[in-house]
Amino acid sequence: MDVSMTLWVLTILGLCALIAADFFIGRKPHDVSVKEAGIWTVVWIVLAALFGLGLLFFGNSQASGEFFAGFITEKSLSVDNLFVFILIMAKFSVPSHLQQRVLLFGVLIALVLRAIFIAAGAAVIANFSWVFYIFGAFLIYTAWKLIQEARSGDEEEEFEENRLLKSVEKKFGVADKYHGTKLFVRNNGKKIMTPLMVVMLAIGTTDVLFAMDSIPAIFGLTQDPYIVFTANAFALMGLRQLYFLIGGLLKKLVHLSYGLSVILGFIGVKLVLHALHENGVNVPEISIPVSLGVICGVLVITTVTSLIAAKKQAAAEQPEKDSIGA
């Protein structure tokens with residue numbers, strides 16, 4: 001898809017306007033209700049759908065299909081990331097009324113970092129077609145790792161701060177308590193960070209690790225930087241509301257890791273086939289409609305089987321709870 005600089009500028013300005021509107025509406029710290037989170041989740045999904053349809057009418061069907069495939073993939077991977085966000089919130093004991101502010105700025109940091117990753121990835125792909133082999137192998141390895149982790153049943157109980165975050169804390173210092181929405185305060189004449197600033201950085205920088213598999217995954221569906229960026233942007237911007245909407249339901253998605261591993265493995269194979277095709281090897285290429293169908297089908301099956309498994313587990317635990325209560 002041929003994208004002019006004017007369209008790039010208008011798209012970025014439009015996304016900035018949406019982010020500003022989101023910030024203005026939720027600027028006052030408060031506990032986010034399920035109703036509010038649900039309404040805004042629908043709004044962001046509708047906006048993404050309208051953007052995809054816009055690509056269909058003003059661009060072409062391939063661009064639209066690639067956007068929807070990329071958006072759904074990034075959204076599903078983002079849901080898995082919410083597990084870590086919950087751990088971060090617990091680690092820093094973030095007050096419930098400040099959590100939406102943390103997520104807003106954390107997602108903004110993540111969006112900027114991902115834009116850098118996307119630009120770098122697009123430049124590498126444009127000059128070195130063999131990188132598709134590396135991306136494909138990495139996704140297949142990640143898929144295998146996800147399956148191993150899911151089968152082991154081990155769950156990460158506590159969030160560990162990365163080196164970058166620790167070095168920033170050491171350099172600036174951190175206050176011993178939250179100070180409302182302030183990011184910096186003065187202590188004995190020295191400007192130091194509040195815990196709110198630290199947790200925002202934790203959310204944003206941790207997303208860099210998530211981008212290590214999500215960016216190669218979406219490049220496996222499209223090599224158009226414009227579509228890669230917009231699909232990531234729409235997937236991330238609705239993440240804050242999704243956190244409050246399904247935070248309590250995440251534990252019920254017990255098969256999510258299996259579903260994501262299938263999707264990542266599928267895209268990894270697609271990338272390898274594409275690389276072979278680019279090198280003149282006569283192999284079949286997987287089309288976008290097929291990719292979209294596989295991704296949606298896997299997510300639907302994973303969700304249904306997860307809810308069934310969670311219901312059976314709850315039913316099995318109920319007699320035990322009743323006996324303890326008696």
Novice: Could you tell me whether the side chain of T194 and the main chain of K182 form a donor-acceptor pair under 3.5 Å?
Specialist: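 Side chain of T194 to backbone of K182: a pair is present.
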Novice: Taking all non-hydrogen atoms of both residues, which atom of P216 and which atom of F135 are closest, and how far apart?
Specialist: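 Closest pair (atom of P216, atom of F135, distance): CB-CG, 4.0 Å.
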Novice: Among the clusters formed by ILVMFWY side chains lying less than 4.5 Å apart, do F132 and I288 turn up in the same one?
Specialist: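 No, it is not one cluster - the side chains of F132 and I288 are not joined through contacts under 4.5 Å.
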Novice: For the residue pair F67 and D224, establish whether any side-chain heavy-atom pair is separated by less than 4.5 Å.
Specialist: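 A side-chain contact is absent here, since even the closest heavy-atom pair is not under 4.5 Å.
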Novice: Measure the shortest side-chain to side-chain distance between Y243 and M89 over non-hydrogen atoms and say whether it is less than 4.5 angstrom.
Specialist: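 Yes, side chains in contact.
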Novice: Between the main-chain N or O of A63 and the side-chain N or O of N60, is there a donor-acceptor pair closer than 3.5 Å?
Specialist: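 Present.
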Novice: Is there a path of hydrophobic side-chain contacts, each under 4.5 Å between heavy atoms of I/L/V/M/F/W/Y residues, joining I147 to I263?
Specialist: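 No, I263 does not connect to I147 through the hydrophobic network.
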Novice: Do the side chain of S76 and the main chain of T73 share a donor and acceptor less than 3.5 angstrom apart?
Specialist: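 Confirmed, S76 side chain pairs with T73 backbone.
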Novice: Using the test side-chain contact (heavy atoms from CB on, under 4.5 Å), find all partners of A309 that sit at least two apart in sequence or belong to another chain.
Specialist: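 Per chain and number, A309 pairs via side-chain contact (heavy atoms from CB on, under 4.5 Å) with V254, H255.
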Novice: Is Y178 linked to I192 within one hydrophobic cluster, defined over Ile, Leu, Val, Met, Phe, Trp and Tyr using a side-chain heavy-atom separation of less than 4.5 Å?
Specialist: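 No; tracing contacts between hydrophobic side chains, which count when under 4.5 Å, never links both residues.
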Novice: Run through the side-chain heavy atoms of Ile, Leu, Val, Met, Phe, Trp and Tyr, join any pair under 4.5 Å, and report what else lands in L10's cluster.
Specialist: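 For L10, no cluster forms, as it stays isolated from other hydrophobic side chains.
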Novice: Is a side-chain N or O of S64 found less than 3.5 angstrom from the main chain of G52, in a donor-acceptor match?
Specialist: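 Yes, the answer is positive, given that a donor and an acceptor are paired below the 3.5 Å cut-off.
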Novice: Just verifying a value: how many Å separate L55 CG and S61 OG, rounded to the nearest 0.5 Å?
Specialist: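 Atom-to-atom, L55:CG and S61:OG are 11.0 Å apart.
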Novice: Closer than 3.5 angstrom, by distance alone: can the side chain of K270 be matched with the main-chain N or O of G220 as a donor-acceptor pair?
Specialist: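 Yes; at least one donor-acceptor contact below 3.5 Å.
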Novice: Treating Ile, Leu, Val, Met, Phe, Trp and Tyr as nodes and any side-chain heavy-atom pair under 4.5 angstrom as an edge, say whether V290 and I295 lie in one connected cluster.
Specialist: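 Shared cluster, yes.
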Novice: Please tell me whether W144 and L77 are part of a single hydrophobic cluster in this structure, the criterion being side-chain heavy atoms less than 4.5 Å apart.
Specialist: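 Different clusters.
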Novice: Look at the rings of F51 and F234 and say which category their plane angle falls in: under 30° parallel, 30 to 60° tilted, over 60° perpendicular.
Specialist: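 Correct class here is tilted.
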Novice: Please tell me if the side chains of W40 and V43 come closer than 4.5 Å, counting only heavy atoms from C-beta onward.
Specialist: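 SC-SC contact between W40 and V43 confirmed.
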Novice: Find out whether L15 and F229 are in side-chain contact, i.e. whether some heavy atom of one side chain is under 4.5 Å from a heavy atom of the other.
Specialist: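 Yes. Closest side-chain heavy atoms under 4.5 Å.
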